[in-house]
Amino acid sequence: MSKYREFKQLNLPEIDHEILQFWEEDQVFQKSIDSKPADNTFVFYEGPPSANGLPGIHHVMSRTVKDIFCRFQTMKGKRVERKGGWDTHGLPIELSVEKELGITKEDIGIKISVDEYNAKCREVVMRYKDVWDNITKKMGYWVDLNQPYITFKNDYIESVWWLLGRLYEKGLLYKGYTIQPYSPAAGTGLSSHELNQPGCYRDVTDTTVVAQFKTIPTSLPAVLTGFGDVYILAWTTTPWTLPSNTALTVGPKIEYSLVKTFNQYTFEPINVILASALVTKTFSGKFVAVEDDTAFSTFKEGDKVPYMTVATLPGSDLLGIRYEQLLPLALPYQNPENAFRVIGGSFVTTEDGTGIVHTAPTFGADDARVAKEAVPEVPPMLVLDSKENPVPLVDLQGKFIQGLGDLSGKYVKNEYYADGQAPDKSVDVEIAIRLKEENKAFKVEKYVHNYPHCWRTDKPVLYYPMDSWFIKASAVKERMTELNKTINWKPASTGEGRFGKWLENLQDWNLSRSRYWGIPLPIWRTADAAEEICINSIEKLSEEITKANTKLGLDQQVPKDLHRPYIDSVVLVSSKGEPMKRELDLIDVWFDSGSMPYAQWHYPFENKEKIENRTAFPADFIAEGVDQTRGWFYTLHAIATMVFDNVAFKNVVSNGLVLDKNGVKMSKRLGNVVDPFLTIDTHGADATRWYMIGNAQPWDNLKFDVEGIEEVKRKFFGTLYNTYSFFALYANIDSFTFNEKEIAIEERPEIDQWIISLLNSLIKEVDQDFADYEPTAAVRKIQIFVDDHLSNWYVRLCRRRFWRGEYSDDKIAAYQTLFECLMTLSKLIAPVAPFFSDWMFRNLNQVASISEVSSVHLDNFPVADGQKINKDLEQRMEYAQRISSLVLSLRKKDNIRVRQPLQKILIPAVSEDFVNKVEMVADLIKAEVNVKEIELLADTTGIISKKAKANFKTLGKRLGGSMKAASQIIGNLSQAEIAGIERTGKFDLDIEGQIFELTSEDFEIVSEDIPGWQVANDREITVALDITITDGLLAEGMARELVNRIQNIRKNSDFEVTDRIIVSLEDHPALRPTIASFASYITSEVLADDLILIDQLKEGESVDLTEELALMIAVKKSN
RNA sequence: AGUCUCGUAGCUCAGCUGGUUAGAGCACUACACUGAUAAUGUAGGGGUCGGCGGUUCAAGUCCGCCCGAGACUACCA
């Protein structure tokens, strides 16, 4: 006959090892998938980590979240395939390679060939794969590591190309430009990463100009007419961009003023528009505010310049005003008629400048955006060069192009000239002087501000329009928003707020990256860009290569590796027989990861049905850090919407950050990084997982504190382990193996029915919580059940049933009940604590053979049996718990030990229902608090004093302002008045003469006191305790003290719990009544065959029986 | 700067659609319990619920503004 395993103490890491080994040997993960029907899937997508860095504790967090729901759904009968994946492209990988090789991006192709460089990336990218696989295993995260998808594989790239091809066919791919930081000196664009390097932002002194833009009178609103020439003031720190001005941007909600004054350089009378909030600031120094026109007529050079506000209007009224081009050196090649007008932009502030922004779409990101959003679109200042290509007024060297008069050929910043070559006057100064002379400069000043510099050359960067390929995401903005509304976000605010807002303000997706290690953009173009082709498969590439080989007489093949530089050398041919070359850009790596639903299956070249039958798409569930909202979550959503007009995922959990215990972000620099391996090896994976989930909701940030794991280990796993050990100890003694027929629940004692009822309530709630992606709620409820109800009430109160007496039905019921609780718990906790749960499941099942499967993870999630849920029963047990607690507190007040029996407690009968319920649990209470009788006191006796309280909910609405007074009156009602309410159910409340007719519903009546008794209250329950100790009670109390001392001796002597003993006691007069009445009680309690009183006992040990009485006790084994 | 989240006891967190005296665990103190014992019970101290204003008979809860922490996005004439 097999026994339940017993242990010396809880060792979670050892359990991890044991179960891990079992999983591997039995291929439990594989079985958990294969054993489920293929047509009942729960689709999960693994957001791929990059194996270029080491896993941190936050990965344990996010993977725990993923694992929980996948395991849960598996137990609910779903087939949950979990393909692992690796993100292998991207800037971090390139940078780590560059750091290692000691090179920079500029060296690629010079010091090191692109070929070698990419080989190095390929090598580095999987560097820590083993470490990752190891943590995955150790933390109990089930994911398929054997056939992961890898983003640099040709199959993956081919799928991505296919997706791009679909976008291309739909007209969603186009070439345009974005304003990017660019270093003319280095001849390269800079990433924001590079710009954020320390020391890049530096204070510089620039010549700034507040320029006067002369409005065209016919376009002015009525309020601004009749004053003469009206100028709009706009400030710039980069005067060299003024020739490229094509618009002025105002804040529609900002108030603007028209101010009458003189130009301080030309002394011509002018009227200028600027934000009202900036009038004082702008007209400081040489200016003076005046009230009327007289100052204007007498003004002469040398005086302070008078100014006066003559009109105000909101920015929205300025929209559409046209103005004369400030520096008419060139005109936009497209729609010049739409340039030089006032448009609106939400980014405009009144913090500095004039509240009106000079807008040059070719040199400012905001500028380009507002210009594009304006209706009609404001054209950027692009002109056609000799090859008819549109170019900005400044070339890639940072020089003005030809055809701009004096400016042509000059660098826009003096820093760009070679040493000693810079002219005295920078272009900025030159322009400022010219504007002054032409009555176009309102103010010219030096200004110190923060400006980014190139970290390579130390020279200021230029914001410059760079060619880029875009995905026209804005075209499907509405559809994305619509589809987003069908997604269940956890928390909802991320979906509606962060993600929703992001979709509303969606910009086109800049796909281009000028790097080397990534998926190449599969577009080939002729030199004049007249013809282009987008390659969407390797087969297509092969066809085109063959075609090109024939027409151009080449000998090319499809490269074995689709990366650069091999793919760059492929030349295709246009319909006219011209060569076509690949656009050199790589695509944004986010497109890689957003493509994973399809590319992981090499769709549509393989596994076509998986996507099209919707068995592997969309995902039922994904989870990742909240930082992925605009990363992975977005790219998944965008690609699915654009290509499949579908969501990519139905449920998404975005988890928060893992901070250190002080709430500080973990970083290597601060040395507060928690090592996940160390944590798991020391405390076990389950305690770590349980702590992370139980301590904070996944989407809140977690303040990670190892002490919290310790607490979880002690409180939760320790208690559960103790409960199991307790069960195992006695079940082994009684050879309980669940052989007997199950005893019908209604035939079991009240307390068994109660814990089973609670258990089923728990199943219901936990099942719901897991289904709702609320793991924290589930975990907390389980914890309360285990600690408070199962361990501290059920087991505590039932202990005797397990170790006393025959193997009766009552005992069997106790075993069956506790077994069921433990078995069910193993399943409920399985998603969160996969190791301990399986360990407990297997320990129980290997003896009882209740389940046919070998692992809890192959079993089904428990189903609540509504029949067994009895809310009445739960209610009365709650009464029992609360009453017991009150009695214990009363005992405490008088310092009466629980072992000392007392005669009686009095409880005022609150209601008939209450009386019935308490009577049903009276025995439990009596045993728990060691009291002989419970008297439920009907209030007719008149010895209970009561208190009435107002029911704010019912009265508040009716009484309104009189509520306070009412509550006071009701609180002071006399015993007679309260009795009246109880009798008649009515009461007329008089508040300052106004009568309100109240009913018993409007009151809460509580028994407050029983005069002359020790009384304790807990809400509606009141308990009084009779503390008289009679001789009989005293003798019985002493008997119990004796039992306790003898039990202690047994235990200290390391007797088996089943050993029978002989007890010798030192005789004492105080002891005699006890022995006379309770000798048989004592012997049966301590399993004694004999109890002997001896006058002068020499052997044994001296024991304090009470405070006054100490005596010798000897215990020996009986034969 | 914008968007979002968070702010309740020394620490970690509950607090449902507003309702009476704001709760739990940990930690601390005292006492008790003990055939589960690195557990448990009872009692105690500890709170201007980030601040200010508003709505309401009534605000931790709803609204506005501000402060602080964090994330993401954008970098500004």
Side-chain angles (χ1 to χ4, degrees), chain A residues 9-10 181 192 195 208 234-238 241 249 346-349 351-360 364-367 449 452 463 491 493-494 496-502 505 625-631 656-657 659 661 663-665 694-697 699-701 703 705 707-708 711 714-715 718-719 721-727 729-730 776 780 783-784 787 791-792 795-796 799-800 802-803 884-885 888-893 895 897-899 949-967 971 1004 1044 1047-1048 1050-1051 1055 1057 1085-1087:
Chain A
Q9 60 173 7
L10 174 64
S192 58
L195 224 50
T208 69
W235 182 54
T236 180
T237 55
T238 51
T241 62
T249 308
S346 55
F347 67 94
V348 179
T349 68
E351 264 162 40
D352 44 26
T354 62
I356 297 161
V357 178
H358 143 60
T359 304
D366 275 340
D367 306 36
H449 66 145
Y463 286 92
S493 60
T494 300
E496 287 158 19
R498 190 185 286 213
F499 194 65
K501 290 267 162 58
W502 161 260
N505 302 316
V626 68
D627 54 340
Q628 293 297 336
T629 308
R630 280 140 184 183
L657 298 171
L659 309 170
K661 64 176 178 178
V664 179
K665 204 176 164 179
N695 200 53
Q697 308 246 59
W699 36 89
D700 286 337
N701 290 346
K703 289 182 188 165
D705 188 353
E707 281 182 35
E711 195 182 319
R714 267 205 329 272
K715 276 200 74 71
T719 307
Y721 163 83
N722 274 341
T723 308
Y724 166 79
S725 301
F726 175 84
F727 168 83
L729 175 66
Y730 294 108
T776 307
R780 287 177 179 170
Q783 200 157 319
I784 288 172
D787 286 345
S791 171
N792 284 332
V795 173
R796 198 154 55 85
R799 273 194 310 236
R800 296 170 65 83
F802 290 90
W803 55 264
S884 299
S885 171
L888 290 173
S889 82
L890 284 171
R891 277 180 168 276
K892 164 71 195 153
K893 263 186 205 151
N895 269 323
R897 297 181 309 272
V898 177
R899 266 195 299 268
K949 284 181 179 176
N951 182 345
F952 281 68
K953 255 185 189 162
T954 61
L955 289 174
K957 278 188 195 120
R958 281 171 62 196
L959 302 191
S962 311
M963 191 61 221
K964 248 187 189 151
S967 133
E1004 224 173 275
N1044 168 246
Q1047 298 286 31
N1048 284 347
R1050 279 188 66 119
K1051 202 170 144 203
F1055 289 2
V1057 292
E1085 282 294 306
V1086 302
L1087 302 184

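Note on naming: letters A, B, ... go to the chains in the order of the sequence lines (proteins, then strands), and numbering restarts at 1 for each one. Not measured: the values here are computed from a predicted model.
- At the heavy-atom level, A:Gly956 lies under 4.0 Å from base atoms of the strands shown.
- With A:Ser725 contributing its side chain and A:Thr723 its backbone, the two residues share no donor-acceptor pair below 3.5 Å.
- In this structure, A:Arg714 reaches the B:A27 phosphate: one of its side-chain N or O atoms is under 4.0 Å from OP1 or OP2.
- The distance from atom CG of A:Asp787 to atom P of B:C13 is 19 Å, rounded to the nearest whole Å.
- Rounded to whole Å, atom P of B:C13 lies 8 Å from atom CG of A:Asp700.
- The side chain of A:Phe952 lies closest to B:G19, out of B:G19, B:A14, B:G41.
- For the P atoms, the distance from B:U61 to B:G54 is 14 Å, rounded to whole Å.
- OP1 and OP2 of B:G70 both lie 4.0 Å or more from every side-chain N or O belonging to A:Lys703.
- Summary of the strand contacts: A:Gln697 and A:Asn1044 both lie near RNA chain B, and taking for each the nucleotide with the nearest heavy atom, the more 5' one is attributed to A:Gln697.
- Atom name P, nucleotides B:G25 and B:G44: the rounded distance is 13 Å, in whole Å.
- Remark on RNA chain B: of its neighbouring residues A:Trp502 and A:Arg799, the 5'-side contact belongs to A:Arg799, judged by nearest-heavy-atom nucleotide.
- No side-chain heavy atom of A:Thr249 sits less than 4.5 Å from a side-chain heavy atom of A:His358.
- Closest approach of A:Thr776 and A:Gln697 over heavy atoms only: OG1-CA, 3.3 Å.
- Residue A:Asn792 contributes atom CG, which lies 14 Å from atom P of B:U37 at whole-angstrom precision.
- Here A:Asn722 lies in heavy-atom contact (under 4.0 Å) with a base.
- For B:U40 and B:C26, the C1' atoms lie 15 Å apart once the distance is rounded to whole Å.
- Across B:G60 and B:U21, the matching P atoms stand 10 Å from one another, rounded to whole Å.
- In plain terms, the two heavy atoms of A:Ala950 and A:Ser967 that are nearest each other are CB-CA, 4.1 Å.
- Residue A:Phe802 contributes atom CZ, which lies 11 Å from atom C1' of B:A36 at whole-angstrom precision.
- Heavy atoms of A:Asn1048 sit under 4.0 angstrom from primed sugar atoms or phosphate atoms, though from no base atom.
- At the heavy-atom level, A:Thr494 lies nowhere under 4.0 Å from the strands shown.
- When the side-chain nitrogen and oxygen atoms of A:Tyr721 are compared with OP1 and OP2 of B:A39, none of them lie within a distance under 4.0 Å.
- With hydrogens and angles left out, the side chain of A:Ser791 and the base of B:A39 share no donor-acceptor pair within 3.5 Å.
- Which of B:C76, B:U42, B:U21 sits closest to the side chain of A:Tyr463 comes down to B:C76.
- Nucleic acid contact class of A:Ala950 (heavy atoms, under 4.0 Å, all strands): base.
- The backbone N or O of A:Asp787 lies less than 3.5 Å from a partner atom in the side chain of A:Asn792, making a donor-acceptor pair.
- For the C1' atoms, the distance linking B:C76 with B:C4 amounts to 22 Å, nearest Å.
- With sequence neighbours left out, A:Phe802 forms a ring-ring contact (aromatic ring centres under 6.0 Å, His included) with A:Phe726, A:Tyr815.
- With rounding to whole Å, A:Arg891 atom CZ is found 10 Å from B:C33 atom P.
- For the C1' atom pair drawn from B:A24 and B:G15, the interatomic distance equals 11 Å after rounding to whole Å.
- If you measure from atom OH of A:Tyr730 to atom P of B:A36, you get 5 Å, rounded to the nearest angstrom.
- Spacing between B:A9 and B:U48 at atom C1', rounded to whole Å, works out to 14 Å.
- Residues A:Thr237 and A:Thr208 bring no donor and acceptor atom of their side chains to less than 3.5 Å of each other.
- The main-chain N or O of A:Ser791 is never found under 3.5 Å from a side-chain atom of A:Arg796 such that the two would form a donor-acceptor pair.
- Rounding to whole angstrom units, CG of residue A:Asp367 and C1' of B:C75 are separated by 12 Å.
- Proximity of A:Lys715 to the phosphate of B:C26: a side-chain N or O atom is located under 4.0 Å from OP1 or OP2.
- In this structure, A:Glu707 reaches neither bases nor backbone, as no heavy-atom distance under 4.0 Å exists between it and the strands shown.
- Contact check, A:Arg780 against B:C13: no side-chain N or O comes under 4.0 Å of OP1 or OP2.
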Once Watson-Crick and G-U wobble pairs under 3.5 Å are found, how is RNA chain B written in dot-bracket notation, 5' to 3', with | for any base paired to another strand? (((((((..((((.....[...)))).(((((.......))))).....(((((..]....))))))))))))....
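- Among the heavy atoms of the strands lying under 4.0 Å from A:Ser889 are primed sugar atoms or P, OP1, OP2 only; no base atom is included.
- Within the 3.5 Å criterion, the main-chain N or O of A:Glu1085 finds a donor-acceptor partner in the side chain of A:Gln1047.
- Contact annotation: A:Ser885 reaches the phosphate of B:U42 (side-chain N/O to OP1 or OP2, under 4.0 Å).
- When the C1' atom is compared between B:U20 and B:U5, the two are found 33 Å apart, to the nearest whole Å.
- A straight line from CD of A:Glu711 to C1' of B:C26 spans 5 Å, rounded to a whole angstrom.
- With A:Arg714 contributing its side chain and A:Thr719 its backbone, the two residues share no donor-acceptor pair below 3.5 Å.
- The listed nucleotides are B:A32, B:C13, B:G41; the one nearest the side chain of A:Asn695 is B:C13.
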